[in-house]
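Heads up, the thing below is written out as structure tokens.
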Amino acid sequence: MTSRIADVLIPLALDTAYSYAVPEGLAVEEGDVVQVPLANREVAGVVWGMRDGQGGNLKKVTGVIEAPNLSPRMRKFLDWIAWYTLAPKGSALAMGLKIPDPDRQEVARVGVKLAGPPPKRMTPARQKVMEVAQDGTVRLKSELAHAAGVSAGVVNGLIDEGVLETVTLLAEPVAEMPDPAFGHTALSDGQREAADTLVAAMSEEHAPVLLLEGVTGSGKTEVYFEAVAEAVRNGRQALILMPEIALTAQFLDRFAARFGVKPATWHSGVTGRKRERLYTAIASNEVKVVAGARSALFLPYADLGLIIVDEEHETAYKQDDGVHYHARDMAVVRGKIENAPVVLASATPSIESRVNVERGRYRHVKLPERFGGRSMPQIRAVDLRKEAVPKGRWLSPTLVAAVEDTVARGEQALLFLNRRGYAPLTLCRACAHRYECPNCSSWLVEHRFRRSLVCHHCGHVERTPHACVECGSVDSLVPCGPGVERIAEEAAELFPDKRCIVLSSDFPGGTERLRTELAAIAAGEFDIVIGTQLVAKGHNFPLMTLVGVLDADIGLTSGDPRAAERTFQMLQQVTGRAGRGEKPGRALVQTWQPDHPVIAALISGDAERFYEEETRVREMAGLPPFGRLASLIVSAAEREAAEAHARAMALVAEPPPGVTVLGPAEAPLALIRGRYRFRLLVKTEREVDLQAYLRSWMARCPKIRGNTRVSIDVDPQSFL
DNA sequence: AGCACGCCGACT
DNA sequence: GTCGGCGTGCTC
């Protein structure tokens, strides 16, 4: 006798769907969320396929859970992600599935209001409730109890007696309907033309990918809002992806100015019931526009008609734990599957996107000038070989003069140094002992404010010692080199009456306080901002007219093949902070190598030339313009590491045709949290099934001895 | 993710 | 002797 069998994918790190028998009379369809027994517990999973067969020895589907059905397109997308990222299918599903918490269902919105005469038996608690309810307004049950300072039981008692009556409240809408005709921002000719191109792309049979490039302040947001408006007019959904930090009140206000309401937002801070409601409302096409961080890409949109990836070059789009993916690339794939146009917006597009434009895979839409006739900041180099900086100082006389000048006019200056802490290296004056991390052999960075030495690689923290741990000398520690804290000290000495603030990712007080301080800066409550990368993006500081880059050379010499590109983008972003308000801005870039291609391109403003040069350099080095970086991770005890390394190297030494493994052959192993890790650049022809190849690596080298294992991490930034 | 099984060090 | 640390493997 045959019966129906459901292949159910469970959102755990499992690579295959498990088969369950469907009991007679239970309606189960592909994409349904079902409850199934697994080992000794019940879990939720999604029906990935249905078939007929002999299901006698299988466990049975327990029931169907009331949750949005995952569409075939969504399942295809998740399958693709699992294949592409080498992640178990179940892990991919875990990103796109939210199971409603049955306990939360009870929190129904029940309102109560005064309905009858006072109760026969009056008590002090009841009296308080009556006083609050006297005005006759409808309140949530819990609110009324709280306002009266009594327990919910008292309110329930009054309801039973008929003194209060319950009113069913309509669920609070998760998001309001954006109105595409609400506000019309005046667009420049250039903006209008770009907007028309995007809108026209939305009615093409095969949805294209468009790279929207425009310098900082050219009004990209207003341009892609027109595409969003078109999606809403067509009754389809639009997703605006952005790096988490860019989801600011500023952005939401701009959206509201165009559409009359704020968009629904999705990020790690949206939790609980709100998260559930939003999830189902997106699945039922009630919510039209979602602005969200990368995880918003995995929501079950009913009818997705447009994806915007704002700041597409941002590395924050990479997810580096669990399933490794790059949200920008996955957005392109989802757009293909949903047949929705994808707009990649950036002032400094990534090399991959540029190459995709060159090869005709993406379309290029350019916005030439700053909006409102504002000019780009004037950028000048300060050649540190020619201009001496006083010993123990890091600001050149030219920069000091410029800062003085700027703050004297009541404008703001930004001093940019991409180094957290006080000093990147600390050593002992007496014995030259260098403070290193016990876990991962990198320098410990002194954080004077926290009185500790911190490893920026693995997070190890220890208290700054009084006496040298090696030779015992007291007060012998010497800081070497500058960090932002040290620059703040220098700025305080140079400009004692000016208000300075240091911003870095270890800002005390967390994101909340950081947001307040960013707003305070925008409001002009500080004169000098000293900051790391953090200040390069997101926030707008209208009073900032000077940006000083203290050391443009940082990062140019790191071994990362993408170092030049990343440094160029970062410097372009940070110098672009100047002059975004009424007054024109300028930037001073301190450097030891003004002729370096990155610095030269920055000064001349010729990004095009830089990208051409960079692409050529990579080709000469045998690197594809955008290849795949695979990290080979060897988990091994220290004494077994050498053998593990040798075994892994032997494996990668014989790649199949079409695959080239580019060094490092004798890479020094870096020990990070008990794992030796090294990176390999894998160059492949497009046709090669890299996934199959990498999987064969893992299959052929499952373990070396005991708990020594080899696994592969694929760098999410890669070709499509 | 949970949960069981199993192999080694510290002790009521 | 056992308690319990977590490393390893399995879940239709």
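The shown structure was predicted, so the numbers you read here are calculated from the model rather than taken from an experiment. Here is the naming used below: chain letters follow the sequence lines, and residue numbers restart at 1 for every chain.
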Nearest whole angstrom, please: distance from the P of dC12(C) to the NZ of Lys89(A). 19 Å
Sorted by number, the residues of residues 8-16 of chain A with heavy-atom contact under 4.0 Å to DNA chain B: Leu12(A)
Atom-to-atom span, NZ of Lys59(A) to P of dT11(C) - whole angstrom: 9 Å
With a sphere of 6.0 Å drawn around CD of Glu244(A), does it hold more than 12 non-hydrogen atoms of other residues, nucleotides or ligands? yes
Tell me: CG of Asn57(A) to P of dC12(C), nearest whole Å? 12 Å
Whole-Å distance separating the CG atom of Asn40(A) from the C1' atom of dG2(B): 8 Å
Check ion pair Asp15(A)-Lys89(A) (N to O, under 4.0 angstrom): no
In whole angstroms, the gap separating P of dA1(B) from CG of Leu97(A) amounts to 15 Å
Does the ring center of Phe298(A) lie less than 6.0 Å from the ring center of Phe77(A)? yes
What is the distance, to the nearest angstrom, from the CZ atom on Arg41(A) to the P atom on dG2(B)? 6 Å
Could you pull out all residues at least two apart from Tyr279(A) that satisfy ring pair (Phe, Tyr, Trp, His ring centres under 6.0 Å)? none
Going by side chain to side chain donor-acceptor pair (under 3.5 Å), name the pairs with one or both residues in residues 25-41 of chain A, residues two or more places apart or in two chains. Asp32(A)-Asn69(A)
Classify Asp7(A) by what it touches in the nucleic acid, base, sugar-phosphate, or nothing, heavy-atom distance under 4.0 Å. nothing
Tell me yes or no: between the side chains of Ser346(A) and His313(A), is some donor less than 3.5 Å from an acceptor? yes
What integer distance in Å separates Glu42(A):CD from dG2(B):C1'? 14 Å
